[in-house]
Structures are given as C-alpha cells and as structure tokens.
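The sequence lines fix the lettering, A, B, ..., with proteins before strands; numbering per chain opens at 1.
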2 protein chains.
Amino acid sequence: MGATKTDHFTDKQNAIATLTKALGHPARIAIIEYLMKIEKCICGDIVNELPLSQPTVSQHLKELKNAGLIKGNIEGNSICYCIDEKAIEKMQSYFANISSKLEKKKTDCC
Amino acid sequence: MGATKTDHFTDKQNAIATLTKALGHPARIAIIEYLMKIEKCICGDIVNELPLSQPTVSQHLKELKNAGLIKGNIEGNSICYCIDEKAIEKMQSYFANISSKLEKKKTDCC
DNA sequence: TTTTTATATTGCAATATTACAATATAGTTT
DNA sequence: AAACTATATTGTAATATTGCAATATAAAAA
C-alpha cells in the first residue's frame, strides 16, 4: 500500500490526474504563472523568483516537464522553459466540459 | 523537510494548488466523473463503482470535500454527494485565463 | 586551460499520501 | 431493543513527496 492504483482507472482519468497532480503544488503554480507573465523565454531566474533552493526548483521544473506542462530548450549556457499550451488547453476543456454538463443537469440538491 | 512551504506563496496560488492537488488522483477524478454522470444524487454506490475499499473511498471523498470540490448532505441513512459547481468554475476560468494570455503572447519559442 | 555561471543529479531526513482491516457511529428496519 | 445498513474513523504499513546540502555536468568567459 501507499502507491496509487493507476492500473484500475482509465487512461483518460490517469492522464488528467497526472496533469492536476503536477499542478497540485503552489511552487509549480507559481512557476506556471511566472512563465506566463514574462516576455522573454530565458528562464534562468525562476530560481530567484521562488522562495526555494535551486535544487528544489529544478525538481519542480522536472515534474512539470514530465507531466507535459512545460517544454525546455537548451539555449547556450541557460535553459528556456515555456508552457505547453496544449496541456493547458486540455485542462481548460476538461473543466469546461464538466461545467456545461453540470449546468444542463440542474439537480442542485446539495 | 517534507512539508510543503505554503506560507511562501500567495493565497491565490495556494487556493488553486489545493484544488488541483485534490484532483491529482485518478480515484478522485473518477469520483467527480461519476457524480457528473449520475442523475440521482444519492451516491451510496460510489464505493461499488470504484475499485477501492470503502474506507479508501471515504477518505478520498473527505479530501474532495475539504478542498471544496464536493458537498455532502446527510439523507436519512445514506449521504448525498454533489459537485460544487463554483469550484469547477474556478478551475475553468483559471485555465481559460492562462490559455488566452498565452495566445496573446505568441512567443512560441520552445 | 582555468574560472565562472547555469542547471541537474544524488543522497538523505522529514513529512505526506495511499490503501485497507478493524472498529466506531448513527440512522433504519424488524 | 436487536439486527441491519451506510458511512466515518482509527491505526498502521508501504510508498511518495518535499526540500536541501553536496556534488556533478556542461557551456561561457577569462
């Protein structure tokens, strides 16, 4: 016990859970918001923006990358991180779909 | 160490992270999708729908409730669980906002 | 080539999560 | 009241996550 039983759920459910899980930490939300805010794509200063050590930030970036939420390009000495729009769109349409289905139901019993 | 440093981030960032974290498990995604699907609101059979034991499901329901994603009403012997639309709307508008801001930027460098 | 700069990896301690058996609670039915 | 039903709580083992110091890697500048 202790490990998530991913094999018991559908691929879609696991896919969404992977994205939401990756975003389920304020540091990673802060990283996404920072990447969204800045104009330039050279992101060497994410570390300076966050109240966490360099290794910790690096680890969070790795998790976001593994989940497919950001992309990273080596740019000489530093690395350019960008949000992967497709992943954000997946999130958006997933919740939009739930939202519209709930509105149709209108069985607001609770 | 091991505990998330929530105090270093903004309330908004923590609020979104709380919601995404709660959805960051396939069982809880499955619960939300089941609540969305069913017509009746008596949800005693969530346990039967999921490939997990009753205590485990109960625990997942508690987490969704704590995060504000679902509401629960005692209904005689059983309990009626419903999705809290407001929470879903928060998620949707959060990602819609990121999506539209990314489209305006169009610095698709990676 | 040496030094500096930027990022990643490793190793580890602290804490959190996941899952479930056993048990508790509380309403329903008999 | 006693038995039954539905859900929650407790306790515990297995595993995962978080955070960082120390170290590694690799490109850039000196």
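Evaluation of the salt bridge (charged side-chain N to carboxylate O under 4.0 Å, His left out) rule for B/E33 yields no partner, not counting sequence neighbours. Among residues two or more places apart in sequence or in another chain, the side-chain contact (heavy atoms from CB on, under 4.5 Å) test is passed with B/A15 by none. Considering only residues two or more places apart in sequence or on other chains, A/S93 meets the side chain to side chain donor-acceptor pair (under 3.5 Å) condition with none of them. Partners of A/S53 by side-chain contact (heavy atoms from CB on, under 4.5 Å), not counting sequence neighbours, listed by chain and number: A/P55, A/T56. In terms of the side-chain contact (heavy atoms from CB on, under 4.5 Å) criterion, residue partners of A/K62 (sequence neighbours excluded) are, by chain and number, A/N66. For B/S100, there are no side-chain contact (heavy atoms from CB on, under 4.5 Å) partners at least two apart in sequence or on another chain.
Whole-Å rounding puts the B/H8 NE2 to D/dT18 P distance at 16 Å. B/D45 has its CG atom 13 Å from the C1' atom of D/dT7, to the nearest Å. Rounded to an integer number of Å, the gap from CD of A/E63 to C1' of C/dT7 is 17 Å. The CD1-C1' distance, from B/I79 to D/dT5, rounds to 13 Å in whole Å. Between A/D7 atom CG and C/dT18 atom C1' the separation is 13 Å, expressed in whole Å. When rounded to the nearest whole Å, the span between CG of A/L64 and C1' of D/dT17 equals 14 Å.
Counting only residues at least two apart or in different chains, salt bridge (Lys or Arg N to Asp or Glu O under 4.0 Å) contacts with residues 9-25 of chain A are absent.
Residues from residues 20-33 of chain B placing a heavy atom under 4.0 Å of any atom in DNA chain D do not occur. If you check residues 52-61 of chain A against DNA chain D, the residues with a heavy atom closer than 4.0 Å are A/L52, A/S53, A/P55, A/T56, A/Q59, A/H60, listed by number.
Rounded to the nearest 0.5 Å, atoms CG (A/L50) and NE2 (A/H60) are 8.0 Å apart. Distance check, rounded to the nearest 0.5 Å: CD1 of B/I46 to CD1 of B/I31 gives 6.0 Å.
Side-chain N/O atoms of B/K62 include none lying less than 4.0 angstrom from OP1 or OP2 on D/dT7.
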Pull out every protein N or O sitting under 3.5 Å from an N or O of nucleotides 12-15 of chain D, one pair per line with the distance.
{"unit_1": "D/dA14", "atom_1": "O4'", "unit_2": "A/M1", "atom_2": "O", "d": "3.1"}
{"unit_1": "D/dA14", "atom_1": "N3", "unit_2": "A/M1", "atom_2": "O", "d": "3.0"}
{"unit_1": "D/dT15", "atom_1": "O4'", "unit_2": "A/M1", "atom_2": "O", "d": "3.3"}

Detail all sub-3.5 Å separations between protein N/O atoms and N/O atoms belonging to nucleotides 24-30 of chain D.
none

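Under 3.5 Å, the side chains of B/N73 and B/Y81 contain no donor-acceptor pair of N or O atoms.
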Please evaluate residues B/L64 and B/I70 with respect to the criterion side chain to side chain contact (heavy atoms under 4.5 Å, CB included), reporting the C-alpha separation (whole Å), side-chain torsions for both, the decisive distance (0.1 Å), and the verdict.
CA-CA 6 Å; B/L64 286 171; B/I70 62 175; 3.7 Å; yes
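Using cut-offs of 30° and 60° on the angle between ring planes, the pair A/H25 and B/F9 is perpendicular.
In this structure, B/N14 contributes its side chain and B/T6 its backbone to a donor-acceptor pair below 3.5 Å.
Among the nucleotides C/dT18, D/dT9, D/dT7, the one closest to any side-chain atom of B/Y81 is D/dT7.
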